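Everything on this sheet refers to the single structure shown next.
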Protein chains: 2
Amino acid sequence: MDQRAPIDFLKVDQSSEWDQDNCPVRSVMAPISGKWSTLLLHALSERPYRFGELRRLVPDISQRMLTQTLRDLQRDGYVNRTVFPTKPPSVEYSMTPLGHSLFSRLYLVIEWSVQNHASVLEARQAFDEAETSA
Amino acid sequence: MDQRAPIDFLKVDQSSEWDQDNCPVRSVMAPISGKWSTLLLHALSERPYRFGELRRLVPDISQRMLTQTLRDLQRDGYVNRTVFPTKPPSVEYSMTPLGHSLFSRLYLVIEWSVQNHASVLEARQAFDEAETSA
DNA sequence: CGGCATCCTCGACGATACTG
DNA sequence: CAGTATCGTCGAGGATGCCG
């Protein structure tokens with residue numbers, strides 16, 4: 001059904017050289033699996049935003065997590081942070097080419113989740129009802 | 001750069017009807033953002049596996065998390081669980097069409113992370129060095 | 001073999017207050 | 001405006017032992 005090249009991170013038992021902390025998939029996926037990463041990547045894929053704009057765009061994020069998530073995204077090279085020496089200072093976050101490259105793939109999953117949300121909810125409900133009746 | 005349709009989960013402030021707990025993206029993404037979900041989806045996209053096979057395939061997962069993650073994947077309709085009444089009993093996990101549909105998109109992100117791991121590590125290192133020198 | 005029950009740790013995340 | 005610092009909570013995940 002799927003035609004894909006094999007991936008090393010599953011061949012744990014065969015490869016004695018394998019280091020779980022250096023697995024490319026875990027290394028890349030884990031930092032963008034946070035609660036807010038996808039949300040912020042999606043926003044910045046659209047256009048650059050200032051810190052306060054992002055806060056208003058995602059009202060239920062704490063400023064602590066906004067700062068931290070943006071830092072993580074910047075650290076992995078997905079986002080640029082530009083400080084303008086105005087008074088008071090303003091900071092703009094923009095997506096790098098690497099970020100756009102990643103997001104072009106990630107967006108397909110986002111799109112899928114919107115299109116198939118109903119099917120997932122249906123399966124979830126059926127599962128829960130089967131559990132309850134048991 | 002990216003040409004995409006707008007997504008509702010970002011228009012929080014404009015839409016007063018919006019319910020954060022019913023956001024399709026968070027609803028679908030959160031359960032598959034766990035530490036082991038991607039790993040198990042990848043394994044099962046290849047072929048059905050039995051419980052013990054999956055344990056050996058992913059040696060550093062606890063059987064508690066293996067059970068729980070498989071349950072979550074089953075609940076959302078990505079995985080089927082089939083019990084064979086042998087002695088002792090054997091259980092086979094297989095991927096549903098919905099699971100294959102999701103994974104065909106998710107795999108593109110996995111593939112990206114393998115291809116671009118070096119770039120991410122490079123950005124990470126540069127960022128950390130800039131922090132240290134500061 | 002394929003679980004479930006229990007206890008525990010630790011890090012993600014939130015709330016609040018303060019600062020250049 | 002755009003953060004940092006501190007404290008507190010809560011749940012993901014791990015370790016161990018028991019069971020049909």
Side-chain angles (χ1 to χ4, degrees), chain A residues 12 20-21 23 26-27 29-41 43-44 48-76 79-94 127 130-131 134, chain B residues 12 20-21 23 26-27 29-41 43-44 48-76 79-94 127 130-131 134:
Chain A
V12 181
Q20 88 178 74
D21 293 329
C23 166
R26 301 192 192 190
S27 171
M29 298 282 283
I32 60 172
S33 297
K35 186 174 181 181
W36 307 105
S37 313
T38 307
L39 215 43
L40 293 179
L41 283 174
L44 294 172
Y49 279 99
R50 294 200 15 216
F51 188 85
E53 290 182 304
L54 289 172
R55 275 196 79 172
R56 286 186 292 278
L57 205 60
V58 190
D60 55 343
I61 193 176
S62 64
Q63 86 250 58
R64 179 179 134 77
M65 286 316 293
L66 181 54
T67 302
Q68 182 175 310
T69 306
L70 286 171
R71 262 182 83 90
D72 292 343
L73 294 179
Q74 184 194 359
R75 187 173 109 100
D76 282 11
V79 162
N80 275 324
R81 179 177 182 271
T82 311
V83 183
F84 296 102
T86 56
K87 264 183 100 134
S90 66
V91 179
E92 187 184 85
Y93 292 90
S94 61
F127 183 88
E131 290 289 290
Chain B
V12 180
Q20 89 178 71
D21 293 329
C23 165
R26 300 192 194 189
S27 171
M29 296 284 282
I32 60 171
S33 296
K35 186 174 179 179
W36 308 104
S37 312
T38 307
L39 215 44
L40 293 179
L41 283 175
L44 293 172
Y49 279 98
R50 293 197 20 212
F51 189 85
E53 291 182 304
L54 288 172
R55 276 196 76 171
R56 287 187 291 278
L57 205 60
V58 190
D60 54 343
I61 193 176
S62 65
Q63 92 243 74
R64 178 179 136 77
M65 285 317 293
L66 181 54
T67 302
Q68 182 175 310
T69 305
L70 286 171
R71 261 181 83 88
D72 292 343
L73 294 179
Q74 183 194 0
R75 187 173 110 99
D76 281 12
V79 161
N80 275 325
R81 178 177 183 273
T82 312
V83 182
F84 296 102
T86 56
K87 259 181 104 132
S90 65
V91 180
E92 186 184 88
Y93 292 90
S94 60
F127 182 88
E131 289 290 290

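Just so it is clear, the structure is predicted and the values come from calculations on it, not from any experiment. Order of the sequence lines sets the chain letters (A, B, ...), proteins ahead of strands, with each chain counted from 1.
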Can you tell me how far CG of Leu39(A) sits from CG of Leu44(A), rounded to the nearest 0.5 angstrom?
10.0 Å
Arg64(B): which residues meet the side chain to side chain donor-acceptor pair (under 3.5 Å) condition with it, sequence neighbours left out?
none
In whole angstroms, how far is the C1' atom of dA2(D) from the CZ atom of Arg56(A)?
12 Å
Check whether any side-chain heavy atom of Asp60(B) sits under 4.5 Å from a side-chain heavy atom of Trp36(B), and report yes or no.
yes
Which part of the nucleic acid, if any, lies within contact of Arg55(A), taking any heavy atom under 4.0 Å across all strands shown: a base, the sugar-phosphate backbone alone, or nothing?
nothing
Write down the atom of Ser27(B), the atom of Pro31(B), and the distance for their closest heavy-atom approach.
O-CD, 3.1 Å
Would you mind classifying the nucleic acid contact of Phe84(A) as base, sugar-phosphate or nothing, using non-hydrogen atoms under 4.0 angstrom?
nothing
Taking OP1 and OP2 of dG3(D), is either one under 4.0 Å from a side-chain nitrogen or oxygen of Arg81(A)?
yes
To the nearest 10°, let me know how far the axis at one end of the helix from dC1(C)-dG20(D) to dG20(C)-dC1(D) is tilted from the axis at the other, five pairs an end.
50°
Under 4.5 Å between any side-chain heavy atoms of Leu40(A) and Leu66(A), yes or no?
yes
side-chain hydrogen bond (donor to acceptor under 3.5 Å, both in side chains) partners of residues 65-75 of chain A, not counting sequence neighbours, each pair once
Arg71(A)-Glu131(B), Arg75(A)-Asp128(B)
Give the B/S/- string for nucleotides 9-20 of chain D, one per nucleotide from 5' to 3', where a protein heavy atom under 4.0 Å of the base yields B, of only the sugar-phosphate yields S, and otherwise -.
----BBBBB---
Taken in chain and number order and not counting sequence neighbours, the residues that satisfy side-chain contact (heavy atoms from CB on, under 4.5 Å) with Pro48(A) are Glu92(A), Ser94(A)
Under a 4.5 Å cut-off applied to non-hydrogen side-chain atoms, are Tyr93(A) and Leu73(A) in contact?
no
Those residues at least two apart in sequence (or on a different chain) that pass side-chain contact (heavy atoms from CB on, under 4.5 Å) with Glu53(A) are Arg47(A), Tyr49(A), Arg50(A), Arg56(A)
Minimal heavy-atom distance between Thr86(B) and Ser90(B), with the atoms involved, is OG1-N, 3.3 Å
Start and end of the DNA chain C segment that chain A contacts, any atom under 4.0 Å from a heavy atom
dC13(C) to dG20(C)
